[in-house]
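We count ligands from 1, going down the list as the structure has it; atoms in each ligand are counted the same way.
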Amino acid sequence: MSVTPVEPIIKIENLHFHYNPESEHPIHAIKGIDLKIRPGDYLVIVGHNGSGKSTLAKNLNVLLKPTEGDVWVKGMNTQDAANTLAIRSSVGMVFQIPDNQIVATIVEQDVAFGPENLGVPRDELRERVEWALGVVDMLEYRQRPPHLLSAGQKQRVAIAGVMAMKPEVLILDESTAMLDPEGRQDVLAAVRQLNEEGVTVIAITHFMHEAAEGNRVIVMEAGKIVMEGTPREVFSHVEELRALQLDVPQTTDLSYRLNQRDSTFPPDLVLVENVADEIQRRVNGRSEQ
Ligand SMILES: Nc1ncnc2c1ncn2[C@@H]1O[C@H](COP(=O)(O)OP(=O)(O)O)[C@@H](O)[C@H]1O
Ligand SMILES: [Mg+2]
């Protein structure tokens, strides 16, 4: 059976990025990255501080341009200034600290700000704002001043603001880092729903269990991609990840430890349900003997 190859929505070829390239000490932050991101992917990027995750993300919506190599978004090269606006409206980015992204004094005005700047007409603007606030479950707060909201609510407003621009790709750069566990769950649920509706998601995170949300994980180290695969494939490399000062999700850690006691237990389970199922299966097996 022949499968029609899906055109990548983002294609990165031999990407290098230097900060301060003209100075005496340029910083070589990205050292030759090749990556294709397909429409509908939920790609999670992990790697410890300074490994180049944010620099990579900023190269995807023209906040930075490659010093060598190319990035294409829907076939548009980021080097060509004529593409900047179209790329920025296709690729939306949410940062770590929601306060820095909130610009208006009323929630719905804040959400309208981005699409208004893209020239979305009034009627459609109203629809989009309502839709985006609905997606993040913040409609009832539409008339409130953002500064009175919790950090999690603010972050959801920031996501709504990006969503109202209807990007095909949503990048979250440690967007759940400042939130409490409940706020984090709210944001993850909103992002999961958007991905189910077809939005391509690129999520940078410190929380390894969040990587289980994705269909692909890449691990960065010193400006390079050092591991790539499904969450289960990547997290099966427990020792290599530890050598990179990264953890595995607690579920995988448990599964790995159980495997060390009993080699028939799979060492690389990522989802809580899978660990529970495996244990249940064994308990049932035992009671049948
Ligand atoms: N604005 C900047 N100017 C100079 N160097 C920077 C700048 N931003 C990041 N860097 C450097 O680039 C490298 C990658 O940083 P970054 O992409 O922020 O990594 P991460 O997001 O994985 O923590 C680090 O060595 C960092 O110090
Ligand atoms: Mg960063």
Any non-hydrogen side-chain atom of [X] less than 4.5 Å from a side-chain atom of [Y]?
X	Y	answer
T176	F207	yes
Q260	F265	no
L15	D70	no
M220	V46	no
K11	K74	no

request  = Kindly indicate whether atom 24 (C) of ligand 1 is approached by any protein heavy atom to under 4.0 angstrom.
outcome  =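 Within 4.0 Å: yes, protein heavy atom nearby.
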query = Looking at atom 27 (O) of ligand 1, would you say a protein heavy atom lies below 4.0 Å from it?
reply =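 Neighbour list for atom 27 (O) of ligand 1 is empty of protein heavy atoms (cut-off 4.0 Å).
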task = Output, by chain and residue number, all protein N/O/S atoms separated from the Mg ion (ligand 2) by less than 2.8 Å.
result =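 Correct list: S54 OG.
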Atoms of ligand 1, numbered as shown, that sit under 4.0 Å from any heavy atom of N49 =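 Every atom of ligand 1 under 4.0 Å from some heavy atom of N49: 23 (O).
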query = Aromatic rings F17 and Y19: how do their planes relate, parallel, tilted or perpendicular, breaks at 30° and 60°?
reply =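 It falls in the perpendicular class, over 60°.
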query = Between the candidates K53, Q96, E174, E221, which shows the shortest non-hydrogen contact distance to atom 22 (O) of ligand 1?
reply =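 Answer by nearest heavy atom: K53.
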Top protein contact for [atom], by heavy-atom distance:
atom	result
atom 14 (C) of ligand 1	G50 O, 3.5 Å
atom 1 (N) of ligand 1	Y19 CE2, 3.7 Å
atom 15 (O) of ligand 1	T55 OG1, 3.8 Å

request  = May I ask you to check whether over 12 heavy atoms, not counting those of D137, lie within 6.0 Å of atom CG?
outcome  =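 No, CG of D137 has 12 or fewer neighbouring heavy atoms, counting only those of other groups under 6.0 Å.
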ask   = What about V217 and V272, same hydrophobic cluster or not, with Ile/Leu/Val/Met/Phe/Trp/Tyr joined at side-chain heavy-atom distances under 4.5 Å?
value =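 Different clusters: V217 never reaches V272 through Ile, Leu, Val, Met, Phe, Trp or Tyr contacts under 4.5 Å.
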inquiry  = Regarding R282 and D262, does a basic nitrogen lie under 4.0 Å from an acidic carboxylate oxygen?
reply    =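 Answer for the salt bridge query: yes.
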task = Report yes or no: does a heavy atom of S51 sit under 4.0 Å from some atom of ligand 1?
result =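 In this structure, S51 qualifies as a contact of ligand 1 - some heavy atom is under 4.0 Å.
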ask   = Who passes salt bridge (Lys or Arg N to Asp or Glu O under 4.0 Å) against R142, sequence neighbours left out?
value =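 R142 satisfies salt bridge (Lys or Arg N to Asp or Glu O under 4.0 Å) with E108, E130 once adjacent residues are dropped.
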